[in-house]
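Source: prediction; values computed, not measured. So that the names make sense, note that chain A is the first sequence line, chain B the second, and so on, each numbered from 1.
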Number of protein chains: 2
Amino acid sequence: MTAAHRPRRGRPPRGAPQLSRDAIAEAALKLIDVDGTDAVSMRSVARVLGVDAKSLYNHVADKDDLLDAVAEQLLGSMRLPEPVGDVRADLLGIGHAFRRRALEHPRAAPLVLTRQLASFEGLAPVEATLNILRAAGCPTSEAVHLLRGLVATLTGTLLREVQAGPTYGTADAAGIARRRAALEHSGLARVAEAAAELARFDSTAEYDFTLDLILDAVTARLAAYRNDDGAGQTERLSETPQG
Amino acid sequence: MTAAHRPRRGRPPRGAPQLSRDAIAEAALKLIDVDGTDAVSMRSVARVLGVDAKSLYNHVADKDDLLDAVAEQLLGSMRLPEPVGDVRADLLGIGHAFRRRALEHPRAAPLVLTRQLASFEGLAPVEATLNILRAAGCPTSEAVHLLRGLVATLTGTLLREVQAGPTYGTADAAGIARRRAALEHSGLARVAEAAAELARFDSTAEYDFTLDLILDAVTARLAAYRNDDGAGQTERLSETPQG
DNA sequence: ACCTGAACACCGTTCAAGT
DNA sequence: ACCTGAACACCGTTCAAGT
């Protein structure tokens, strides 16, 4: 056995893939896309990178931090549509951008939707949303509450969609029939009555419905704030807004 | 060493805690409440029950099924308030019941909010919600969509709350000041402007705001369906409803 | 500065063997 | 029917030692 055949030691000679937080996140994402979050281990990620598992600790604090890195990368690289000046259309645009992103990496999406990210990777969507709400005449404090309501609704909707997976969709006729039968025999009157509707799930239609629902509420609030013109608020607008 | 001091073999002699899916779920919940979901392992749960880890496989299929059992137990034992006949108040009641439950076991809540439960443990809240919506004159199909919108919003809101934990609350003045400063220097105009509001988080106020927001939308839809009187719908109501 | 060998204290799960 | 011993193929992470 020559030296070349023995496992390397020290820094890689040359041409070896540079290890970095981003490269590690990318390798982990690749594993998640194929085999799910459970397939991520320090060892499996290292294997993808052709490196020893312990080397990762030079770039991420621990496994949790590695998963944060994946979530940050997904959230940070998200592209938002240009606002057109209509509140409803612009918020809808952000909502759809989120969904598009989530569906590009459905198995990684729960990471983004579920983790409490301490970094500032996710601030671009926040800025965009606040901008739309503020331009529509919403005081800062209310804008933050509405933002949080929107985020919660998007989170819940997307989380359900990506976790339901392709099995709970509209395609699997046999599964739908089975669920429907079970619901009809649940002994619960309303559930039985709605069995046909409960058994099937069109995720796009459901997403659009829920987004429409919450945007009804948001735009109604915006109209109310505009009529009030901030009465009783400490926050004031410096100029008459509206895009 | 006498026989009594050697580890047992075969079924426990007597008085030993009966192993069961419920007992296992309960033991796991105890661990989660104290040390979080990560503290759950087949071995740690078995230790709580004074039993070998492999014995658990006689009552749960695997670790995933064990966690499902915890989620089912939490969801199944939830008590819902009696409806009073007012849609908004009754839906609010269900929302608050969910939150109360989640806050009783904050570290276990993500399990319930996140898992795709195949069992029928969670149907009671579904029945209750459908009943409220149907009694208010909502056709079955729309009722299911509204139900899903409500669930998504509650899920997203509660998930954020339990995951934020006590550190991201209103109590930690130093943390708020730190976050605020960071947001002010983010380089994003709207984020900086709203830094004070973004840095703090009153979970009860936020929950109430979001629930209020979505209920505005739901009640507006109900009013619209009532005026339409189901025009263009295949679903019809057998009697004039409204509680 | 970045990598690895050796090592530690864990995991989930199978399967045959006990009672 | 329900339990365990022995065993397998894994984990995350530390720390000293290499280059």
Trainee: Could you tell me whether the side chain of Arg200(A) and the main chain of Ala173(A) form a donor-acceptor pair under 3.5 Å?
Mentor: no
Trainee: Return yes if a side-chain donor-acceptor contact under 3.5 Å exists between Thr157(B) and Thr210(B), otherwise no.
Mentor: no
Trainee: When Glu104(A) is tested against each of Arg100(A), Arg107(A), Arg101(A) for salt bridge (charged side-chain N to carboxylate O under 4.0 Å, His left out), which residue passes?
Mentor: Arg101(A)
Trainee: Assuming nearest nucleotide by heavy-atom distance, tell me which of Lys54(B) and Ala53(A) is located more 5' along DNA chain C.
Mentor: Ala53(A)
Trainee: Could you give the CG-to-P distance, from Asp52(A) to dA7(C), as a whole number of Å?
Mentor: 15 Å
Trainee: Below 3.5 Å between N/O atoms, which protein atoms pair up with nucleotides 8-10 of chain C? Just atom names and distances, please.
Mentor:
none

Trainee: For the NE2 atom on His185(A), are there more than 12 heavy atoms of other groups (residues, nucleotides or ligands in this structure) within a distance under 6.0 Å?
Mentor: no
Trainee: Counting side-chain heavy atoms from C-beta on, which of dC3(D), dT13(C), dG12(D) comes nearest to Asp62(B)?
Mentor: dT13(C)
Trainee: Counting only Watson-Crick pairs (N1-N3 plus N6-O4 or O6-N4) and G-U wobbles (N1-O2, O6-N3), all under 3.5 Å, who is the partner of dC10(D)?
Mentor: none
Trainee: Quickly work out the Met42(A) CE to dC11(C) C1' distance and round it to whole Å.
Mentor: 16 Å
Trainee: Please report, rounded to the nearest Å, how far the P atom of dG12(C) is from the CG atom of Leu67(B).
Mentor: 10 Å
Trainee: Measure CZ/Arg21(A) against P/dC2(C) and give the value in whole Å, please.
Mentor: 15 Å
Trainee: Rounded to whole angstroms, how far apart are CG on Asn58(B) and P on dC3(D)?
Mentor: 5 Å
Trainee: Give a yes/no verdict on a cation-pi contact between Arg99(B) and Tyr207(B), requiring under 6.0 Å between NZ or CZ and the six-membered ring centre and an angle within 45° of the axis.
Mentor: yes
Trainee: Given atom CG of Asp38(B) and atom P of dC11(C), what is their separation to the nearest angstrom?
Mentor: 12 Å
Trainee: Could you tell me the separation between the CG atom of Leu56(A) and the P atom of dC3(C), rounded to a whole number of Å?
Mentor: 9 Å
Trainee: Could you check Ser55(B) against Tyr57(A) and say which one's nearest nucleotide on DNA chain D is further toward the 5' end?
Mentor: Ser55(B)
Trainee: Going by side-chain contact (heavy atoms from CB on, under 4.5 Å), Val70(A) matches just one of Val40(A), Thr37(A), Ile32(A), Leu31(A). Which one?
Mentor: Ile32(A)
Trainee: Mind checking who dG5(C) pairs with, Watson-Crick or G-U wobble, both distances under 3.5 Å?
Mentor: dC15(D)
Trainee: What's the CG-C1' distance between Leu66(B) and dT13(C), to the nearest Å?
Mentor: 14 Å
Trainee: If I compare all heavy atoms of Ala143(A) with all of Leu133(A), which pair ends up nearest, and what's the gap?
Mentor: O-CD1, 3.5 Å
Trainee: Report yes if at least one side-chain N or O of His59(B) is closer than 4.0 Å to OP1 or OP2 of dA1(D); otherwise report no.
Mentor: no
